[in-house]
Amino acid sequence: MINIKENERLNTLNHSCAHLLAQAVKHLYPNAKFWVGPVIEEGFYYDIDLGDEVIREEDFVKIEKEMKKCAKDNKNIVRHELSKEEALNMFQDDPYKMDLISRMDESAMTISCYSQGDFTDLCRGPHVSSTKELKYFKLLKVSGAYWKGDAKNKMLQRIYGVCYDSEEELLEHLRFIEEAKLRDHRKIGKDLDIFMSHDLVGKGMPLWLPNGAFIRKQLENYIYEKERKMGYQHVYTPCVGTVDLYKTSGHWDHYQENMFPSMKVDDEEFVLRPMNCPHHMLVYGNALHSYRDLPIRIGEFATDFRYEASGAVKGLERVRCMCQNDAHLFVRPDQIGEEFKKVVSLILAVYQDFGIENYSFRLSLRDKEDKEKYFDDDKMWDEAEDKLRSVLNELGVEYYEAIGEAAFYGPKLDVEVQPAVGNEVTLSTCQLDFLLPRKFDLSYIDRDGSKQTPVVLHRAIFGTFDRFTAFIIEETKGVFPVWLAPVQVNIIPVNNEYHLEYANKVKEMMEKQDIRVELDDRNEKLGYKMRESQTRKIPYSIILGNQEREQEMISYRRHGKEDTTTVSISEFLEMIHNEIKLKND
C-alpha cells in the first residue's frame, strides 16, 4: 500500500479532503468545532467536537453525499496569510483554533488559512486548487480521541477517510483494507483463543491463552535449539533492576522516558527492566575470562517492560510487557566480523524456515549533531560504524543507511520486513557496542597478559516473541504451518455408534507418534464438525466412516481444500512428519 503521507500528490489531495469533510460536517452539524485534521499514512482524519451529537458509521452516507455536493460546487481553494492578531480575531469564536494560534511561535511572520466557498480553516497547506479535484474519497471509520491526546481533556470524535485521484486507486485501497481486516492478528487471536487482554490487567499487557502459550513455546524451543548448537549459554535474570544499574549502563539518562516509574523497596529504588543488557553485563563480569574463552554468547528469553502511550498499544504487535529473544555476544575486536556474519546467517536461516522473503537490511547510524541522544565519543562511533559497514560489504548484503536510528551506545543492523499488509516492521536486530563493556568495567586477559575490554554484539533474531507471533498470525491468517499449530489433526467419526472405537484407535496411534490430535466425538452432524474444524484452522481433518474402518485407512482433508484423500495411517504419518520437518510448508 502507498504511504499517502510520503506521496506529495496524495498528501495534498488528502489534506484537502480533510477540509472537504469538515465543510460537509459543518453544513450538517452547524455547532461542530474542529481541532486538527492531518494526513496519515492511510489517508486522513479530523478531530471534531459535536457537543452532545454523535456521528456513527451509518451517518457516513449522508456526510459523503454532502461532501460530493461541496466538491461539485467547484469552489476555488484560496490561501490567505494573516498576522497572529488577525488570526486570533478571525477564529475568536473557536476555542480549538484559538488554542492552536496562541501556541504558535511569536516570531512567525504569517499564519495561513484556506477558504473554499463558505468554509475557512486554519492550515499550513498545501491544497489542491479547487474542490472539483476531490472526486474519489471514502469515509472509513469513527472513533474517540482525547483533545491533545490527554485523557484529562474532552473526548472528541475522530473521523477517518481516504482520497485518491481515480476510482481504481480508491477501490484498490478499500480492497487492501478488507484484506487487512481478514489478517488482523487481534481478531484472529481472539477467534483462535491465542491471546486476550483485560482492563484489570492493563493496556498493552496481553494474556497468552493455552493455544498462544503453545505457539510461543514452540517458537522458544525452535530458536533455543538453534542457539544452543551455536554455543549460546542461556540464563535467567530478574525482571527488575535498581535505578543505579540503569544509571551505570546509561539507560537512565538516555531511555528513562520509555521506562516505567521507579519504585522504592526498603532502602533500594527499583525499576521494571526495559532491556536485558545490563543484567548480562553483570553475568559476564561474574568470572575472570581469558582471550581463549571468547566469544561468550549469553542468551535469554527475557520479559521486559516499556512504556508505550495507550493509543499506540496494539494486540501483540506493540505492547508494554514483552518477551525478547535476546542475546549478548562478548567478543574480541578481531572476532567482530566473524560473529556478526554468524548472526546474519542465523537471521537468514530463520527467515527461510518461516518463508519470510520480503525484507531489507538497514544500517542504523548515529546523528553526529545529536550530542544528547548519543554517547559523545567520535572515535568509538566511527570505528563501530566502519566495522559493521565493512562486514556487510564483505558479505555482499544489500543495505541502506539510516542516520539517527542507532541505539545510544552503538550502531545496529535492523532487518525491516514487509508483511502481507501494512507497513514495514523491524523483526531482527544486531547492535555493536563498545560502550557498555567500559561502563561495567568488563575485561578479559589477552594472550600477552594485558587486560582488555571486550566488544558486545546485542542481537535479537525474533525481536520479541510477541511481535513475531503477531507477524506470523497475519502472514498465515491464522493457518499455522503444521509444526506450529496447537492442534495438528482433528479426527471426526461419521457416526459415533459405528466409528468411535476406530477413531480412538487412530487417535492413540497418532499420539504415540507425537502428533497433536483431537477427537471430535460430539453428537453433531458431520458437516457441522467439518465446518468448525475449518473455522478453527486445524491443518488436517480426518474423516472416519465404514470404508476407513473396514480397510484400516483414513481419509483426510487439508485446511482450505475441498478434496478428500484416502491413505493408510502409516502413509499419513510419514507425510505429516515430513511436513513438520520442512517447517515452512
Side-chain angles (χ1 to χ4, degrees), residues 4-41 43-51 53 55 63 66-67 69-134 137 145-150 152-163 311 369-370:
I4 289 173
K5 192 174 183 179
E6 294 180 358
N7 182 294
E8 184 176 354
R9 169 59 182 172
L10 291 179
N11 189 311
T12 301
L13 204 63
N14 279 266
H15 208 153
S16 303
C17 201
H19 283 220
L20 187 68
L21 165 64
Q23 182 179 17
V25 169
K26 190 68 175 176
H27 288 176
L28 297 171
Y29 304 88
N31 294 323
K33 291 183 172 58
F34 305 94
W35 170 228
V36 290
V39 177
I40 55 177
E41 292 178 358
F44 65 86
Y45 69 76
Y46 220 122
D47 287 347
I48 306 169
D49 181 357
L50 290 166
E53 294 189 90
I55 290 178
I63 297 174
E66 184 65 25
M67 290 173 69
K69 181 181 176 182
C70 293
K72 287 180 181 178
D73 283 346
N74 191 18
K75 299 296 185 183
N76 290 330
I77 301 177
V78 182
R79 176 185 172 94
H80 306 280
E81 293 186 347
L82 312 168
S83 67
K84 189 169 184 178
E85 183 179 353
E86 289 172 328
L88 288 170
N89 287 331
M90 177 178 285
F91 292 96
Q92 59 183 310
D93 295 327
D94 190 328
Y96 296 105
K97 301 304 180 187
M98 291 289 284
D99 178 80
L100 283 170
I101 297 166
S102 65
R103 291 188 291 111
M104 289 181 180
D105 191 345
E106 289 289 348
S107 63
M109 297 296 294
T110 58
I111 294 172
S112 61
C113 64
Y114 284 79
S115 297
Q116 51 195 63
D118 60 359
F119 182 76
T120 299
D121 202 359
L122 191 70
C123 187
R124 284 196 296 255
H127 286 271
V128 297
S129 60
S130 168
T131 58
K132 72 176 180 179
E133 295 186 50
L134 307 173
F137 53 79
Y146 291 110
W147 182 39
K148 300 183 182 180
D150 189 337
K152 296 177 182 177
N153 290 337
K154 183 173 184 177
M155 176 74 77
L156 306 180
Q157 295 182 66
R158 176 172 293 179
I159 300 178
Y160 292 85
V162 67
C163 185
E369 303 303 317
D370 192 340

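All values below come from the heavy atoms of this structure, side chains included, with hydrogens, waters and symmetry mates left out.
The list of salt bridge (Lys or Arg N to Asp or Glu O under 4.0 Å) pairs with a residue in residues 8-23, not counting sequence neighbours, reads Arg9-Glu133, Arg9-Asp165.
In this pair, His127 and Tyr114 present their aromatic rings tilted. The plane angle is within the 30 to 60° band.
A donor-acceptor pair under 3.5 Å is absent between the side-chain atoms of Arg158 and the main chain of Tyr146, judged by distance alone. No donor-acceptor pair closer than 3.5 Å links the side chain of Gln23 to the backbone N or O of Leu20. Asn76 places no side-chain N or O within donor-acceptor distance of the main-chain N or O of Ser130, the cut-off being under 3.5 Å. Between the side chain of Gln157 and the backbone N or O of Ile55, at least one donor-acceptor pair lies under 3.5 Å. In this structure, the side chain of Ser115 does not engage the main chain of Thr120 through any donor-acceptor pair within 3.5 Å.
Taking 4.0 Å as the cut-off between side-chain N and carboxylate O, Asp73 and Lys69 do not count as a salt-bridged pair.
Checking each of Lys33, Lys26, Lys154 against Asp49 for a salt bridge (Lys or Arg N to Asp or Glu O under 4.0 Å) leaves exactly one that passes, namely Lys154.
With values rounded to the nearest 0.5 angstrom, Cys70 atom SG is found 7.5 Å from Gln116 atom CD. Distance check: Cys163 SG to Leu134 CG gives 5.0 Å after rounding to the nearest 0.5 Å. Atom OG1 of Thr12 sits about 10.5 Å away from atom CD1 of Ile77, to the nearest 0.5 Å. The CG atom of Asp99 sits 3.5 Å away from atom NZ of Lys148, with the distance rounded to the nearest 0.5 Å. Atom CG of residue Leu28 and atom CD of residue Glu66 lie 5.0 Å apart, to the nearest 0.5 angstrom. Put simply, CG on Leu122 and NE2 on His19 are 8.5 Å apart, with the number rounded to the nearest 0.5 Å.
Contact check for Val25 versus Leu50: side-chain heavy atoms found under the 4.5 Å cut-off. Between Phe44 and Pro38 there is no side-chain heavy-atom pair separated by less than 4.5 Å. Residues His27 and Asp118 form a side-chain contact, since some pair of their non-hydrogen atoms from C-beta on lies under 4.5 Å apart.
Heavy-atom minimum distance, Asn14 versus Gly161: OD1-O, 4.4 Å. Heavy-atom minimum distance, Ala87 versus Ile111: CB-CD1, 4.1 Å. Closest heavy-atom contact between Gly117 and Lys75: N-CB, 3.8 Å. Of all the heavy atoms in Ser102 and Lys84, the pair that sits closest is O-NZ, 3.4 Å. Taking each heavy atom of Met90 and Cys113 in turn, the nearest pair found is SD-SG, 4.1 Å.
Within a 6.0 Å sphere centred on OH of Tyr160, other residues, nucleotides and ligands contribute more than 12 heavy atoms.
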(message) Under the criterion salt bridge (charged side-chain N to carboxylate O under 4.0 Å, His left out), I'd like the reasoning laid out for Asp121 against Lys97: C-alpha separation, chi angles, the key distance, then a yes or no.
(response) CA-CA 9 Å; Asp121 202 359; Lys97 301 304 180 187; 3.0 Å; yes
(request) Let me see the working for Met98 and Leu88 under side chain to side chain contact (heavy atoms under 4.5 Å, CB included), right down to the final yes or no. (result) CA-CA 6 Å; Met98 291 289 284; Leu88 288 170; 3.9 Å; yes
(request) Under the side chain to side chain contact (heavy atoms under 4.5 Å, CB included) rule, what do Tyr46 and Ile159 come out as? Steps first, then yes or no, please. (result) CA-CA 5 Å; Tyr46 220 122; Ile159 300 178; 5.6 Å; no
(message) Please determine whether side chain to side chain contact (heavy atoms under 4.5 Å, CB included) holds for the pair Asp47 and Tyr96, giving the CA-CA distance in whole Å, both sets of side-chain angles, and the decisive distance to 0.1 Å.
(response) CA-CA 10 Å; Asp47 287 347; Tyr96 296 105; over 6 Å; no
(request) Mind running side chain to side chain contact (heavy atoms under 4.5 Å, CB included) on Val36 and Leu100 for me, showing each step along the way? (result) CA-CA 9 Å; Val36 290; Leu100 283 170; 4.2 Å; yes
